[in-house]
Amino acid sequence: MKDKHIENKSRRHFLKVTTAVGGGMLIGINWLGCQLDSVPEEVAKAMPNEWYSFDAFIKIGDTGLVTIMSPNPEIGQNVKTSMPMIIAEELDVAWKDVIVEQAPLNTEWYTRQVAGGSQSIRQGWEALRKAGASVRKMLLDTAIKQWECQAIDCTIKDGVISHSDGRTLGYGALANEASKMDVPEEVELKDAKDFQIIGKSQSNVDMEGILKGEPLFGLDYKEEGMVYALAIRPPAFGQILESFEADEAKAVSGVEDVFQFGDKIAIIANSTYPAIKAQRLVKATWKQKDSAEDTAYHSKTLLEHLDKKAKEPRRVDGDVQQALKDADEVLERTFEAPFLPHACMEPMNFFADVNEKEIRMVGPIQTPQWTQQRIADLLERPVEQVTIQMTRMGGGFGRRLYGDFALEAAEISSKINKPVKLTFTREDDMLAGTYRPASAYKFRAGIKDGELTAYHLTEACFNGQMFGQMPSNFPCGAIANYRVDCHNIESNITTGAWRAPYANFLAYAEQAFLDELAEKMGKDPVQFRLDLLAKAKNTPVGEAHNYEVEKMEGVIKKAAELVGWDTAAPNQHLGFCAYYSHNTYVAEVAEVVMEDDNPKVSKITCVVDCGIVINPTGAKNQVVGGILDGLGHAMYSDFKFIDGQSQSSNYHQYRLIRMPDVPEVDVHFIESNNDPTGLGEPTLPPAGGAVANAIYSATRQRLYKQPFVKEMEVLG
Amino acid sequence: MPVYTLHVNGQEHQVDVDADTPMLWVLRDQLNLVGTKYGCGIAQCGACTIHMNGTAMRSCSLPISSVGDAKLTTIEGLSSDAKHPLQEAWREHDVPQCGYCQAGQLMSAASLLSNNKRPSDDEIDEAMNGNLCRCATYTRIKSAIKTASKNM
């Protein structure tokens, strides 16, 4: 079914785009209009006089230069390089002859233009390959027609088709004719062993722009006639605007207007700084409409729920209560984590031009399609009138899934009838976030006759509970009596996805608990995991579990081998962790050294099974970034509320990992020909567990709360 | 409002803004040099790092009135051909992830290497401690600084 869908879709793309070429009518948004003025230096082929469009992804110039549209939003996960690489591979062009451009939102042409869940590569893989292979076949069929020969007579390399008799035709010479052909219904895809581009490191396609400081990001976007806006939002959750006075703010030179919109205040100015100055001068009065929550309340409420059974448990195998009662020994441990802001380096911002004809939005957004619909709904306009151009994003981590900032920009533009760029200050960004919810986990394990017989996980979380299949993750399937209860507690603090939702804390809690459990049972932590996996494989309990035993075993064994787990010296302090999330298997081993009696993380070894690695340099960058992100937040990042107000307003009150904190990171990928899975998130969750277990090995102190610096001051 | 004469990347500019306007916003909004990034506004993240007479400064905390005749350099003027040894090393190590903080990282690193051609690991850590990278590409930033140091 899925294949057919893709094929039909390609056909529609083809028809639409060729209309644009033939008649000069442009359907959709700046497809043929987005030609570059100059060709990057390293591109070998000359800038064409004519471009020919094939499908939604590819246009080929008469010189053989190729433009590939990258469909998904780029937040630093490097899909703007890796997704076009997949197309170029099947198209059979040289990567140096490819120009990559960011596609606009176009729901007819592209599917799932989302940056989230580490799914761009996994879900895009087949469609991207077919897009490249279809155009390759159209070019080949055109050459065959011209030469009146058979496919068997032809070979293709780097955008040149060669006949066995020595004749050659470049893609540039064939593009015009080929672009008029029907898109093939069926195409053959390459065998992985024939890959020329996939699996070879390609530099970030925006490297030159980044190195030269070119305007790539939403905050850099400008238009003639645009004004600058800042907003003032309720300073605490549960508050609403009562009144405000803005005479002094309006007197700041450059400030054009200050007005209320909803429960917020907008400041309009001719540039950013006057708006920042005015923001500090507005005297607003807020009143408490709803409860004013604080961290003590959050902690107490979470812990209270951990001893309750959920009305509907998420998974039940056997009878965990009875098994705990019958157990010789029970181990019970509770883990707690705070709310966390995303703290993207580029603060939230968006450009909006709302006028009678159209609503033009430009900026950094992980969910352009959802945002487009919400803007149409908000302004009560047809969705067809809303266009969204995606800029490169200065980080996302989940925050830019929620287009609140784009909606605000649209609302402000519609009120002033001018194009506007809304910017959040860092304080706005920290105080009006969509935070990772605070959560707590309680684990209860029963041991009888030296065997693990019961495992009960209870989750308490604000505004959510662990996703879909997560209750069936490891060690589910290996234990006769197993149960997962989840409690979703409402909070008026806005919460949302934060890089590797739920897993970002659950992985640490679970893996630290398993380490302690192994110790209690007198087992080696690695062998303990392997024994459980063997049980899940040979005598699986209950309905299907959510992981492949062999892949999990694969990363565990490889990581143990790399660090010499079995032969480690007694004074070598290692901590082991393995976790499956976002369709990718990861094992991490942290090493801690004692410096002046204080533990310091010196090295993390990581083994990843993500199937085929598309772009090794980008993949490794993601893996290391995810590990250090997980390490930094587990160790240092704390976030508190008092009276509904965040107690961290800027980076001086919110600690992120910095260069001196960074250990050596050693990354290995399992060699695989399986379809690729994503890397934006899955290496983050295991980092906290690996580090907590290594710190225990070095200090004999278990860590039950994040950030660890609160539990063990010497870490700071 | 006073008119200020600025020397940025070898060019002279006249700017008419309030005296307390930080150079960050003068560069971005008035001079259209948007390579210098806004991250925190309180000199805690380093994204806005520029050079004032060759020394790294956080432009978010540098009011235009304090600049005087100083020669300012931004990422756009780090080199005329984007071939500063650090830019070359950044290519070699494929450093950026999201890329937003990278201009600030490069400007801090360039200031470090102009004062200390062969910095030790600890000296690199110390000089770069003020530059946040939320994607945490720190290991590549450090490797690239070492490569550039060898090629200076």
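Convention: sequence-line order gives letters A, B, ...; per-chain numbering from 1.
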Check step by step if side-chain hydrogen bond (donor to acceptor under 3.5 Å, both in side chains) holds for A:N621 and B:Q97. CA-CA 7 Å; A:N621 219 356; B:Q97 285 188 39; 3.3 Å; yes

Worked verdict on A:W498 versus A:H633 for ring-ring contact (aromatic ring centres under 6.0 Å, His included): CA-CA 12 Å; A:W498 191 102; A:H633 283 89; 4.7 Å; yes

Test log, rule side-chain hydrogen bond (donor to acceptor under 3.5 Å, both in side chains), inputs A:S201 and B:D94: CA-CA 9 Å; A:S201 288; B:D94 192 29; over 6 Å; no

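Look at B:R91 and A:E208 and you find a salt bridge, because one of the NZ, NE, NH1 or NH2 atoms lies within 4.0 Å of a carboxylate O, short of that distance. A salt bridge links B:D18 to A:K277: at least one charged side-chain nitrogen sits closer than 4.0 Å to a carboxylate oxygen.
Among residues two or more places apart in sequence or in another chain, the side chain to side chain contact (heavy atoms under 4.5 Å, CB included) test is passed with B:S120 by B:D122, B:E123. Scanning for side chain to side chain contact (heavy atoms under 4.5 Å, CB included) contacts around B:N32 gives A:K222, with sequence neighbours left out. Residues that satisfy the side chain to side chain contact (heavy atoms under 4.5 Å, CB included) test with B:A109, not counting sequence neighbours, are B:L86, B:M128, B:I145.
The contact between A:Y273 and chain B is made by backbone and side chain atoms together, counting heavy-atom distances below 4.5 Å. Looking at B:K142, the atoms closer than 4.5 Å to chain A (heavy atoms on both sides) sit in the backbone and in the side chain alike. For chain B, the nearby part of A:I276 is the side chain; its heavy atoms alone come within less than 4.5 Å. Contact annotation for A:N204: both backbone and side-chain heavy atoms come within less than 4.5 Å of a heavy atom of chain B. When heavy atoms are compared at a cutoff of 4.5 Å, A:M207 approaches chain B solely by way of its side chain, counted from C-beta outward.
Among the residues in residues 424-431 of chain A, those with a non-hydrogen atom closer than 4.5 angstrom to a non-hydrogen atom of chain B are A:F424, A:T425, A:R426, A:E427.
For the set A:D220, A:I210, A:N78, the count of heavy-atom pairs under 4.5 angstrom toward chain B peaks at A:D220.
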